[in-house]
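Please read the structure below before turning to the comments.
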Number of protein chains: 2
Amino acid sequence: MAEKHLIGQPVRRKEGAEKVTGRAQYADDLIFPGMLHGATVRSPVARGRIREIHFEGNIPWKEFTVVTAKDIPGKNCIALILEDQPCLADGAVNHAEEPVVLLAHADRYFLEEARRAVRLEIEALPGIFTLEESLEGKQVIWGEDNVFKSIGVEKGNVDQAWAQADFVVEGSYTTGAQEQLYIEPNAMVAVANAAEGVTVWGSLQCPYYIHKALVTLFGLPKEKVRVVQMETGGGFGGKEEYPSMIAAHAALLAWKSGRPVKLVYDRAEDMAATTKRHPSRTRHRTGVTRDGRLVAMEIDFTLDGGAYETLSPVVLSRGTIHAAGPYRCPNVRIRSRAVATNAPPHGAFRGFGAPQSVFALERHLDQVAARVGLSADELRRRNFVRAGDTLAVGQVVREKVEMERLMERAFKESGYHEKRQRFMQENQGRTVKKGIGFASFLHGAGFTGSGEEYLASVVGVEATPEGRVRVLAASTEMGQGTNTIFAQISADALGLPYDWIEIARPDTAEVPNSGPTVASRTCMIVGKLVESAALSLKKTLAEAGFPAGDSADDFARACGGYIAKFGALKTTSRYEAPAGLHWDEANYRGDAYGAYAWAVYVAEVSADMRTCEVRVDDFVAVQEVGKVIHPVLAAGQIEGGVAQGIGYALYEDVVWQEGRMVNSQMTNYIMPTSVDVPPIRVFFEEIPYAGGPAGAKGVGELPLDGTAPAIVNAIEHATGASITRIPVTPEVLMEALEGVVV
Amino acid sequence: MAEKHLIGQPVRRKEGAEKVTGRAQYADDLIFPGMLHGATVRSPVARGRIREIHFEGNIPWKEFTVVTAKDIPGKNCIALILEDQPCLADGAVNHAEEPVVLLAHADRYFLEEARRAVRLEIEALPGIFTLEESLEGKQVIWGEDNVFKSIGVEKGNVDQAWAQADFVVEGSYTTGAQEQLYIEPNAMVAVANAAEGVTVWGSLQCPYYIHKALVTLFGLPKEKVRVVQMETGGGFGGKEEYPSMIAAHAALLAWKSGRPVKLVYDRAEDMAATTKRHPSRTRHRTGVTRDGRLVAMEIDFTLDGGAYETLSPVVLSRGTIHAAGPYRCPNVRIRSRAVATNAPPHGAFRGFGAPQSVFALERHLDQVAARVGLSADELRRRNFVRAGDTLAVGQVVREKVEMERLMERAFKESGYHEKRQRFMQENQGRTVKKGIGFASFLHGAGFTGSGEEYLASVVGVEATPEGRVRVLAASTEMGQGTNTIFAQISADALGLPYDWIEIARPDTAEVPNSGPTVASRTCMIVGKLVESAALSLKKTLAEAGFPAGDSADDFARACGGYIAKFGALKTTSRYEAPAGLHWDEANYRGDAYGAYAWAVYVAEVSADMRTCEVRVDDFVAVQEVGKVIHPVLAAGQIEGGVAQGIGYALYEDVVWQEGRMVNSQMTNYIMPTSVDVPPIRVFFEEIPYAGGPAGAKGVGELPLDGTAPAIVNAIEHATGASITRIPVTPEVLMEALEGVVV
């Protein structure tokens, strides 16, 4: 008998048994015959001209495969959006840790000795290390003006709106870089030769991104390049674009040596050399009436993109669109830009620009409320967007939105109002002071604007004569639950037991391009395609005279009959934009996302006024993400996102020296551990979204957006310190407290 | 500058650095994407009819790949000599541990549970478990008479010769099975599908044996089958034929599952299921004159071959030819046969039949000497073969032979004569008695008779434009030094430094068939081909107008010039029988081997008369193996062979119950450890052999032949017990002592 209604149930994680029994294969588990290990020689300076490469030391260099830019068969770039990032620096280096030389050898320890014996003779040039310097433009390091991309959003008439404002409140907010810190560092294994082409197996989020990069790099036809995802121990955006670089390096070494090559980063290399969250600066100027209506928002948002463009334009885009939050201010102007510095390129990280701009907005609105004399919640309540209202980009919110209800629930679950009052009284004279604060925010799911239409993702579903079903998609499982929810969705669509469904391993030789596993799109966009491909399988059976019936056994019989008569049974589904969605890229206006998730987060903190240490004591996360497909996995997404948000808010401080991360170890780059993370209490409101599978929306990025501002708002409540930058390390709090009467 | 005269020097082991740094890859090191593990379900009974196979237990059998005989695409046999051994039992089983069902699963622990849940319903039939029963022929389990092969050797006229004898001495001697106990158990990894064919990587001695077996099993063209040797942790003959079975099993599982499959035996499975040394019985009837001249030898030699023929005919052949030893008796009759029992097939093991027949002969000659009233050494001395004499098969010994000199040296180094006397006196009244004994013997190198001609082995040598040379041969390195001596031989032939030589990994897709790595042939036969291929490379250069000159740099220049003009530079050398060698297979007469190694071994033992434990206190091994290519490796061969011979003589007792080995663990199958092995003092006499590379002969098997009889002769000296069987466990000695006055 078929189990029904798997959606909404905490079914066993599809790949769970493989993981707990240790038979799941990660890239570093692979060992091919004759395999070499690869290593990357990186620039020690942030900007300069490469004069010469010296192979020194007591090293038998002939035993080593050595690859430089001149060994690249095709184009020396990591093809992504622009082709400005070289695969190997050739002539010039533009950031510290930029790859210059690749080495391979069978002995990974000896290889490390050799790596240290390569001396890059580089003539150093002055670099730019802050976004302020980059904006000044006194020195140009990229393009004509250091600007990768700028965006302008205009809603209503901001210039005229200031007149209606009783108060104009200004503020400037900054956020630091953040490392993704997936538990499994980057790893790739490549086999590459002229006869067989290039195949890579790796830890990755986006097989088709790597495929595109390798096709360009090797100048090979598409069918000669194959990318296979191995079990992936976390990504968080950190395995969106940089794995193309690592795959390229492994493949170049394999191509030249004629041997399989494994390239695994250790933690220090992974942290120092690969992408991190873009540092940001956001300036707000907000007009508000005496009764708390927002009448004008002027937002200036800048991201530090690092040395090459990579994904900065799209990170900027999401950060910009989310900068004005879930509020219905009639007049909004947002000016934003991503600029170049001589840091390693910053890149995709869960939230993708939104955590930066949401931090700024939600911190700023607490200041606005204070100025008006309203409570922070009352100010929000008076401005929350409701169905029919428009967001900053002019998108009319068509779905039901209940921000106020989410807020009331969050306040109830956290005891917000009672604590807000009580802490103020109890804090008197105490060294450790308590505070509570919140943030309200939204997160759009899927690619921005016409992005999904442009991608035109495809998912396939195929069945065996026994009615066993295999889902074919390039969407990757990396711990977040892709395989499990795809199985739930397709099993329910077909009325089959959960274990009749197999999810194919993402392998560009076997699965269609369902797009990258990013942008909170896997459940809502790809899951919907899984659902429709499964339904169309059923339809195909019925139309061929083999109706699938109501039970799994009926389905199996139908599959058996169909396959006996026609051969393979497989259907695909291609993305089509829901009717009525419009996006005007030129004016940055229209339906930025098919749907949004909405949330209100409440953080309770203690601040030690002697040591200036802050800890989070309690956290309540209330969100509306449409139908919850898997309650345990969805809650896990929220818990993990909040934990990462706590790190972003309080601990995770990338220390830069001349564009180089100097604390690239887990002993000095501090992430929250289990003793630093409070109970995270997660509550879902479910308003099904017609465009998602069974009504689901995206859930992956959302929890990163509101965590930091809720915490910093709570710190202000506890300490009175109005902090405008994260992470709030003890040093930052100490400095902020100097102007505060304790 | 080229190093010269590498031959004779203890150069660094070619693959030594890879082994000590851990980067050498063994088959079990390989991990392919999506790889499954394989397991073998074996018959618990020794003989029977398979009624049914039950898949029981709480096992999700659908997750498993299950292979039975019906899944075999080609012929169900392990093609070797005959095709009588099935790859998977079909209908009948003929020995315990015979493979019936194969299973594969990603989880090797779960797989083991599943293996135990397969129940073979077998109707048991009576089996034969001793060679005596098999010879009786009351029950026939193989062919018409249980006889795999019989051989008759006739020299002179034995029937008439008895008249000249003053004494006729009879004796019967038996030897037990012995496990090869390579340190690395058997292991194979296979990738197999219709598109790519079959590739296996494994621990093995003979890539082309496996290649042949897989071609037959899958019915594939030769070029669709590829066999690659991984680093191999010992073989000793144990990886000569059985790896074909394991490769076949791994490949069948891979073929059916569509996934790479790894099949690794644990120690217990490896010991119980794979081949061991043939148990034997040898009967001697010897006519000798009063002055100690051997005038007639009648030898009846029987091997227990186990359930299928496999290599028994050739093991029998070598055992037969060596049965009459290095003596010039004018009248010799040898009748021998290998017979079937319902044990797992016995197979190749270092010495290949000779340790069995040499044990019998050398024990027997001590009895003959005693009867004549001569010392054991004087009897041998009077009968040693000399140049111009003929061996039992009529082979005229053309090379210089100095058995007497070897004996004198062995006696001198061991203090034989002095101890022989002194121990007799000192033993009086002692509980632990000392004894000293010796054995003198020979071992032929290379395949028997026309075997090498039939094999027609080929070796290739190729050079790069920089003068680096690569030796292409299927001969395997398994710890014994193939790679090192090939590099020494080719480097000296070309006048190149040792590290300019690379030995290609044996891979049937890359190297020609230089024959199996067995039969003490790798140095003498294949090494000679390496030498001649290298010399012909030099000749090719010279003939093309690029003389190689005298230095390595000259050679490199010549290679560069040649390759620029003509392209690849590669030569091959194919075996041709030395002029004057003749072999008459029908009458078993002629030149059985191109050359023999000769040896005298002296063992000194202590026997505890209470516990009946024996230990070897000192061991002197003097041998003439032609030119010693590498003194450390050659001595290592002797030391290892003697250690293995000590196990064979005293400790290694395979306990059988109904054809099943019941002590297949290293806790109850006792091999000598470092505390059981005395200093082994190795001395080489070198009489260069013109047919070997730089004068070398074979050295691999020799030390196994004479160790056990030397030890048991010493036991007789110490205790007076005339023991006729090995291993001499305490139980055996106790029984033998019963008739002896202590």
Side-chain angles (χ1 to χ4, degrees), chain A residues 15 17-37 60 62-63 104-113 188-191 195-196 199-203 226-231 258-260 262 464 466-468 497 499-500 502 504-507 509-510, chain B residues 15 17-37 60 62-63 104-113 188-191 195-196 199-203 226-231 258-260 262 464 466-468 497 499-500 502 504-507 509-510:
Chain A
E15 80 289 0
E18 300 227 326
K19 281 177 173 163
V20 297
T21 57
R23 65 179 191 254
Q25 289 184 314
Y26 294 81
D28 197 20
D29 289 328
L30 299 180
I31 304 178
F32 291 165
M35 192 181 75
L36 305 179
H37 296 278
K62 283 192 180 169
E63 282 185 18
H105 193 274
D107 185 331
R108 82 201 304 178
Y109 302 100
F110 193 28
L111 180 69
E112 176 58 19
E113 273 188 53
M188 285 282 164
V189 181
V191 169
E196 299 168 284
T199 304
V200 295
W201 294 262
S203 183
R226 180 179 168 206
V227 180
V228 187
Q229 186 218 7
M230 299 306 293
E231 207 67 56
R259 305 264 292 267
K262 179 187 282 185
T464 69
E466 298 78 29
R468 300 305 188 278
D499 61 5
W500 283 31
E502 180 196 342
R505 173 165 296 283
D507 172 344
E510 290 215 5
Chain B
E15 81 290 359
E18 300 227 327
K19 280 177 174 163
V20 297
T21 58
R23 65 179 191 254
Q25 287 184 315
Y26 295 81
D28 197 21
D29 289 329
L30 300 181
I31 305 177
F32 290 166
M35 193 181 75
L36 304 179
H37 296 279
K62 284 193 178 169
E63 282 185 19
H105 192 274
D107 184 331
R108 83 203 301 179
Y109 302 100
F110 193 27
L111 180 67
E112 176 57 17
E113 274 188 54
M188 284 283 164
V189 182
V191 169
E196 298 167 284
T199 303
V200 296
W201 294 261
S203 184
R226 181 180 168 204
V227 179
V228 187
Q229 186 217 7
M230 300 305 295
E231 207 67 56
R259 306 263 291 267
K262 177 187 282 185
T464 69
E466 298 78 28
R468 298 307 186 278
D499 62 4
W500 281 32
E502 179 196 345
R505 173 166 295 284
D507 173 345
E510 289 215 4

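Just so it is clear: chains get the letters A, B, ... in the order the sequence lines come, proteins before strands, and each one is counted from 1.
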Self-check item: Smallest separation among heavy atoms of B:Gln25 and A:Gly34, with atom names
Solution: OE1-N, 2.5 Å
Quiz item: Can you tell me how far NZ of A:Lys62 sits from CZ of B:Arg468, rounded to the nearest 0.5 angstrom?
Solution: 4.0 Å
Quiz item: Who are the ring pair (Phe, Tyr, Trp, His ring centres under 6.0 Å) partners of A:Phe110, not counting sequence neighbours?
Solution: A:Phe64, A:His105
Quiz prompt | All ring pair (Phe, Tyr, Trp, His ring centres under 6.0 Å) counterparts of B:Tyr26, not counting sequence neighbours | solution = none
Quiz item: What heavy-atom pair brings B:Asp107 and A:Thr21 nearest, and what distance separates the two atoms?
Solution: OD2-CB, 3.5 Å
Self-check item: Leading residue by heavy atom contact count with chain A [cutoff under 4.5 Å; candidates B:Trp201, B:Tyr109, B:Phe32]
Solution: B:Phe32
